[in-house]
Peer 1: 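Sharing a structure here in structure tokens format.
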Amino acid sequence: MPDRIGADQETVSRVAELRAQIERANRAYHEKDNPEISDAEYDRLKRELAEIEARFPELDTPDSPTHKVGAPPAEKFETRRHSLPMLSLDNAFSREEIRAFDVRVRKGLETGGPVRYTAEPKMDGLAMELIFENGELEHALTRGDGETGEVVTRNILAARGIPKKLSAKDGSAPPALLEVRGEIYMRRSAFTRMNEERLAEGLPVFANPRNAAAGAVRQLDSAITAGRPLALMCYGLGRCKGASFSTHHEILSAFQSWGLPTNPDTLAGASLEEVISFYEKMLEKRHQLDFEMDGVVVKVDSVEAQQALGQTGKSPRWAIAWKFPAAQETTTVEDIQVYVGRTGTLTPVAVLAPVRVSGVTVTHATLHNADEVARKDVRVGDRVLVQRAGDVIPEVVKVMDPEREGRPAPFSMPASCPVCGAEAVRVPGEAATRCANKKCPAKLREAIKHFASKGAMDMDGVGDKLIDKLAEGGLVRNFADLFDLTEPVLARVERMGEKSAANIVSAIQGAKKVSVNRFLFALGIRHVGEHVAKLLSRRFGSLEKIMDAEVEELEKVDGIGHIVAESVRGYFEDQEKRNEVLALLEKGVSPAAEELPAASGAFSGKTFVLTGTLSTLTRDDAKGRIEALGGKTSESVSKKSDYVVAGEKAGSKLTKAQALKVPVLSEEEFLAMLEKEEK
Ligand code: IVH
């Protein structure tokens, strides 16, 4: 009910304050790709403003940020009008609000009966419009202010993992014009890997995958975009000539048939109750997914009904974003402590006043290294924005009150290791400070924790606490000692029951059968994460070959640079490390080449022909990756070939493929296919 009594002075100034805060947040988010407040806080500000405007219509001016979408395009880019505006979405935050949405929809359609909905993850990335003419990507625009977007075509053409050509599965021509809307994002795994590499190179890390993706797209130098691992998820249609649809889920299927990725977690043509369960399922699943999502978008499925419902100002009446509880929150830094990791790296960690972030209480957040603390200038007593992304350790995004009076002096890294007291040195050219003591107990302990962990040797039940106790008691001083643990010893140390002790012993013994890549990763060689370990094992096949490989051979592997190659060589040249590995082999650890999922792989039964020059991977790597997914490669094109991958300067094989109507994949399409299946 609108309040008929006019707004008082306090309300008027609150409106001005809210608008200023929102505008400022908008600029930071859209123009600088560097948010200053959490999404949750932003939503709260907007909601408060919208509520006041609804109560006091005289305060609701057309230039209010509640009526705007995004931000005006930045001057550094050319602009182009969207032929149909790119709208924004209204938000819902509870089941009641979703039911209210459903009631509004049914009222609007004047149907008493149920409405079918399609629901998709609300991807947290950057909204884009890709315009395909006769199947070719011609323009790529950011959303901009919804009316006019920034032209980022060159960057998108340079980016990996984004289709540049529509494929037509049944051989029919793609539509003459197709304007696709979707979200450009960065997979979490790719983001983590990229940040690890940046840390190793002493570059600043990105705060989250969204900023990293948005920053990559809005570059003036498309070579930078090309170097960043981007991905696309399509969810909407602008104009389209040459195809028509009666439901939203048909549109999504058509996208897929043209080779445009859509979200596999989509609920198509469902009832409201099904939408509610879908939301709950996704809320639970969200941290296991390889992309960030901040809610579920619920859309009326019928296109006719969508048209009948139309839009209010900036958002459609037929769709709504049902947001998840925030994955970012603000809290206070109570202390900054320094931990010693398995490579001896000193990591500053903020001890926080406990705060609930998306269902989990967060008490610590990583500050990465000295440079990051300095860049963010985090000090004890500061109010900070913290975020949780998947299983990644929570991190401090930024200080909310840098102007606060009476802040203590800036944090500085200790000159000695907080565990063993040895000198802590910063290697020139690197961001990390390390404990110089090779035998630092913290290093050993952390190395063993990593060794036993999931993804490494995967010793179920051998967690951090148990290892701390075993290390304190002197029972485990190196990797090999783990394999000597017996039930009575465990039962004594942990005061655990016989059954649990037996389970742990059998988990440890069972871990002896391991793949080369997991074993390599478990060793904790600097710069050898899961990805690099896989690249090495795929290329070399056996542990022995990797142990003896020279830097030059290691460097030849696509995706492995000089620093990584030197680190691997350096590890196996170190006699102590080598002995430790040999001791493990003596205990019966037998790293075996990864089994190829021959019959069950996504490519099983499929034959690929590679032709022309591939620019981002070598032929051997491409072959290895196809085989790893159960596929085969062949030198010649025949009717039996399933795909021809055509690189630069592809010649007669390409012509033959076209004549035989064998599907031809561009390098980007091929990579997208690999990435999708390798997940
Ligand atoms: S539909 C008219 N679907 O959310 C419908 N949007 O607040 C407009 N987004 O700009 C968008 N995932 O960046 C839609 N599955 C999804 C989405 C999605 C993410 C973003 C998109 C849009 C914003 C709207």
Side-chain angles (χ1 to χ4, degrees), residues 22 25-26 29-30 33 35 39 42-43 46-47 50 65-71 73 82-93 101 105 117-130 140-150 152 179-186 209-211 213-214 217-218 230-239 248-249 251-252 255-256 260-268 270 275 278-279 282 286 289 291-301 303 305-307 309-324 327:
I22 295 169
N26 275 342
Y29 186 93
H30 291 288
D33 296 321
D39 290 354
Y42 180 80
D43 285 341
K46 264 200 136 164
R47 181 161 267 231
T66 51
H67 302 300
K68 275 189 248 165
V69 171
H82 298 291
S83 44
L84 297 173
M86 282 181 82
L87 301 179
S88 173
L89 290 170
D90 281 339
N91 291 328
F93 295 91
F101 164 73
V105 165
Y117 295 102
T118 287
E120 304 148 9
K122 183 169 193 300
M123 307 284 301
D124 201 8
L126 179 76
M128 288 283 296
E129 175 163 70
L130 302 178
L141 315 178
T142 65
R143 183 168 70 160
D145 60 5
E147 297 287 334
T148 305
E150 295 152 331
V152 290
E179 295 178 348
V180 181
R181 276 97 190 260
E183 203 83 350
I184 299 262
Y185 68 103
M186 200 176 278
R210 196 212 89 90
N211 292 351
V217 170
R218 302 174 76 250
L230 296 174
L232 171 73
M233 202 76 93
C234 301
Y235 51 65
L237 187 62
R239 281 186 311 163
H248 180 64
H249 79 265
I251 296 178
L252 297 178
F255 284 170
Q256 265 188 319
L260 295 167
T262 59
N263 206 307
D265 280 305
T266 296
L267 176 74
V275 167
F278 176 74
Y279 173 89
M282 294 312 292
R286 78 187 281 208
L289 295 168
F291 56 82
E292 302 218 313
M293 59 181 294
D294 54 353
V296 163
V297 183
V298 184
K299 301 171 181 174
V300 171
D301 199 34
V303 170
Q306 292 179 355
Q307 280 159 356
L309 286 160
Q311 65 183 72
T312 62
K314 62 176 179 100
S315 30
R317 287 198 191 86
W318 48 268
I320 195 158
W322 187 359
K323 292 292 221 38
F324 287 153

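Both ligands and their constituent atoms are indexed starting at 1 by order of listing.
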Peer 1: Between ligand 1 and the protein, find all N/O pairs closer than 3.5 Å and give the distance for each.
Peer 2:
unit_1: ligand 1; atom_1: 3 (N); unit_2: Lys299; atom_2: NZ; d: 3.0
unit_1: ligand 1; atom_1: 4 (O); unit_2: Lys122; atom_2: NZ; d: 3.2
unit_1: ligand 1; atom_1: 7 (O); unit_2: Leu89; atom_2: N; d: 3.4
unit_1: ligand 1; atom_1: 10 (O); unit_2: Arg143; atom_2: NH1; d: 2.8
unit_1: ligand 1; atom_1: 12 (N); unit_2: Met123; atom_2: N; d: 3.0
unit_1: ligand 1; atom_1: 13 (O); unit_2: Glu183; atom_2: OE1; d: 2.7
unit_1: ligand 1; atom_1: 13 (O); unit_2: Glu183; atom_2: OE2; d: 3.3
unit_1: ligand 1; atom_1: 13 (O); unit_2: Tyr235; atom_2: OH; d: 3.3
unit_1: ligand 1; atom_1: 15 (N); unit_2: Glu120; atom_2: OE1; d: 2.6
unit_1: ligand 1; atom_1: 15 (N); unit_2: Pro121; atom_2: O; d: 3.1

Peer 1: Which distance, rounded to the nearest 0.5 Å, do you find between the CG of Asp145 and the NE2 of His82?
Peer 2: 7.5 Å
Peer 1: Would you say the side-chain atoms of Arg143 pair up with the backbone N or O of Met128, donor to acceptor, closer than 3.5 Å?
Peer 2: no
Peer 1: Testing Tyr117, Trp322, Phe93 for ring-ring contact (aromatic ring centres under 6.0 Å, His included) with Tyr279, which one passes?
Peer 2: Trp322
Peer 1: Does any donor atom in the side chain of Glu183 or Tyr235 lie under 3.5 Å from an acceptor atom in the other side chain?
Peer 2: yes
Peer 1: In Å, rounded to the nearest 0.5 Å, how long is the span from CD of Glu292 to CE of Met186?
Peer 2: 11.0 Å
Peer 1: For Arg239, which residues count as a side-chain hydrogen bond (donor to acceptor under 3.5 Å, both in side chains) partner, sequence neighbours excluded?
Peer 2: Ser83, Glu179
